[in-house]
Amino acid sequence: MKFIDLNAQYRQYQTHIDEAIKAVLSHGQFINGPELRELEKQLATYTGATHALGCSSGTTALQIALMALGIQPGDEVITTPFSFFATAEVILLLGATPVYVDIDPATYMLDPSQLEQAITPKTKAIMPVSLYGQLYDFETINAIAAKHGIPVIEDAAQSFGARRGKARSCSVATIACTSFFPSKPLGCYGDGGACFTNDDALADRMRKIIDHGQSARYQHDIIGLNARLDTLQAAILLEKLARFDAEIASRQQVAVWYAEKLCEQVTTPQIPVGSQSVFAQYTIEVDHRTKMSEFLKDKGIPTAVHYPKGLHQQPASQLETQGHFPATEAAANRVLSLPFHPFMREADVAQVAEGIAAWFAR
Ligand SMILES: *Cc1c(COP(=O)(O)O)cnc(C)c1O
């Protein structure tokens, strides 16, 4: 059994994807080709954001967002300590300080009730992470941010396609940043990402940052990056985006099977009524996580831990940040992600559930 089966997806779409790749190889516009502009149009339509800009990864998307907002050394950026390292890495890279707010243990995302007390005159952005495929509590967090006049950056690397009521991930923050890393809900065949905004001036600034700060060829208005999304990846993403809603529907079905079949000792993901998770991870909570994952591995069932430590506990950021985040540390010791992808069959889910039941019955 595979944790995520990218080959199964490729087999299904192979003729379309191969054609799309061949078309790029034929026209030869590998950088800033027509597929990239078409993808950006479709990403904007899909999410409801006014502007979508392809870029080279989810990590650079976050860096571009912080640069566009003018984040500098000495600034504070509020975020969650329970995320992939990139979330804190880009803040630290720009010389700013990540200020962590602990998670709500029910959602694993930044706890809005603890947000306001973390805001200081140095707070220049709030960066919630839409973790495991759910959209962050944007109503509450955006309202607090607006009251203080602070922009919000959604780290939407795991949540492209997620909904909370009618609102879609990537359309509700000042800037949203997603990743097309192969194993993300919408993945390409290499590295890729995108930035989203409804603000024309920020979109203009981000487009320049993505391409060396250029407004025209060899006219460098600001300091930027080489952070473009390849045309080949854009062409692959166009084919995958066309089939993405069907994949989301399959993901809902797989989650229903898990909820039906997993034994009662397991804490399964809680999705608020009216919300749609894209289940970037299907993450349960259990006692004795490490021993259980070894037991499952022996039965041929792969698992993963997202994430084994809080960001404040990582050696690379420890010098910069202080504090103790009990909900994050508790989750980091207990979470376990199960195999999950849209091409899983009911029998696969049953096999995982039986393996877990056998652990509890041993
Ligand atoms: C994957 C991920 C990133 C980084 O995306 P890359 O495309 O791998 O650079 C950032 N934040 C979160 C929450 C992620 O899961």
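All residue numbers in this chain count up from 1 along the given sequence. Computed over heavy atoms, backbone and side chain alike; hydrogens, waters and symmetry mates excluded. As the structure lists them, so they are numbered: ligands from 1, and atoms in each ligand from 1.
Counting atoms of ligand 1 from 1 in the listed order, those under 4.0 Å from a heavy atom of Thr87 are 11 (N). Counting the atoms of ligand 1 from 1 in the order shown, those under 4.0 Å from a heavy atom of Val129 are 13 (C). Annotation for ligand 1: atoms under 4.0 Å from non-hydrogen atoms of Ser57 are 7 (O), 9 (O). Counting the atoms of ligand 1 from 1 in the order shown, those under 4.0 Å from a heavy atom of Ser179 are 5 (O), 6 (P), 7 (O). Listed by number with element, the atoms of ligand 1 under 4.0 Å from a non-hydrogen atom of Gln158 are 13 (C), 14 (C), 15 (O). Applying the 4.0 Å criterion to heavy atoms of Ala157 picks out, from ligand 1, the atoms 2 (C), 3 (C), 10 (C), 11 (N), 12 (C), 14 (C), 15 (O).
Backbone and side-chain nitrogen or oxygen atoms of Gly58 are examined, and one is located within less than 3.5 angstrom of a nitrogen or oxygen of ligand 1.
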CA sep, side-chain torsions, deciding dist, call: Gln9, Lys240, side-chain hydrogen bond (donor to acceptor under 3.5 Å, both in side chains): CA-CA 9 Å; Gln9 187 197 43; Lys240 293 212 196 183; 2.7 Å; yes
Verdict with supporting geometry, Glu346 and Lys261, salt bridge (charged side-chain N to carboxylate O under 4.0 Å, His left out): CA-CA 10 Å; Glu346 189 169 8; Lys261 293 180 201 298; 2.9 Å; yes
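Within the 4.0 Å heavy-atom criterion, both parts of Thr59, backbone and side chain, lie near ligand 1. Residue Leu131 does not touch ligand 1, judged by heavy-atom distances below 4.0 Å.
Remark: minimum distance from atom 11 (N) of ligand 1 to any protein heavy atom is reached at Asp155 OD2, 2.8 Å.
Remark: the backbone N or O of Ile284 is not paired with any side-chain donor or acceptor of Arg334 at under 3.5 angstrom. Side chain of Arg207 to main chain of Asp204: no donor-acceptor pair is present (N/O by atom type, distance under 3.5 Å, no hydrogens or angles). Put simply, the side chain of Arg289 never gets that close to the backbone of Leu336: no donor and acceptor are under 3.5 Å apart.
Remark: Arg243 does not engage Glu247 in a salt bridge, criterion side-chain N to carboxylate O under 4.0 Å.
A cation-pi geometry, defined here as NZ or CZ lying under 6.0 Å from the six-membered ring centre and within 45° of its normal, holds between Arg168 and Tyr46.
Note: Gln63 CD to Cys55 SG = 10.0 Å, rounded to the nearest 0.5 Å.
A side chain to side chain donor-acceptor pair (under 3.5 Å) with Tyr108 is found for one member of Gln281, His306, Glu285 and no other, namely Glu285.
At least one heavy atom of Lys184 sits less than 4.0 Å from an atom of ligand 1. Ligand 1 is never approached by Asp191 to a heavy-atom distance shorter than 4.0 Å.
Of the listed residues (Ala86, Ser56, Ser83), the one carrying the non-hydrogen atom nearest atom 13 (C) of ligand 1 is Ser83.
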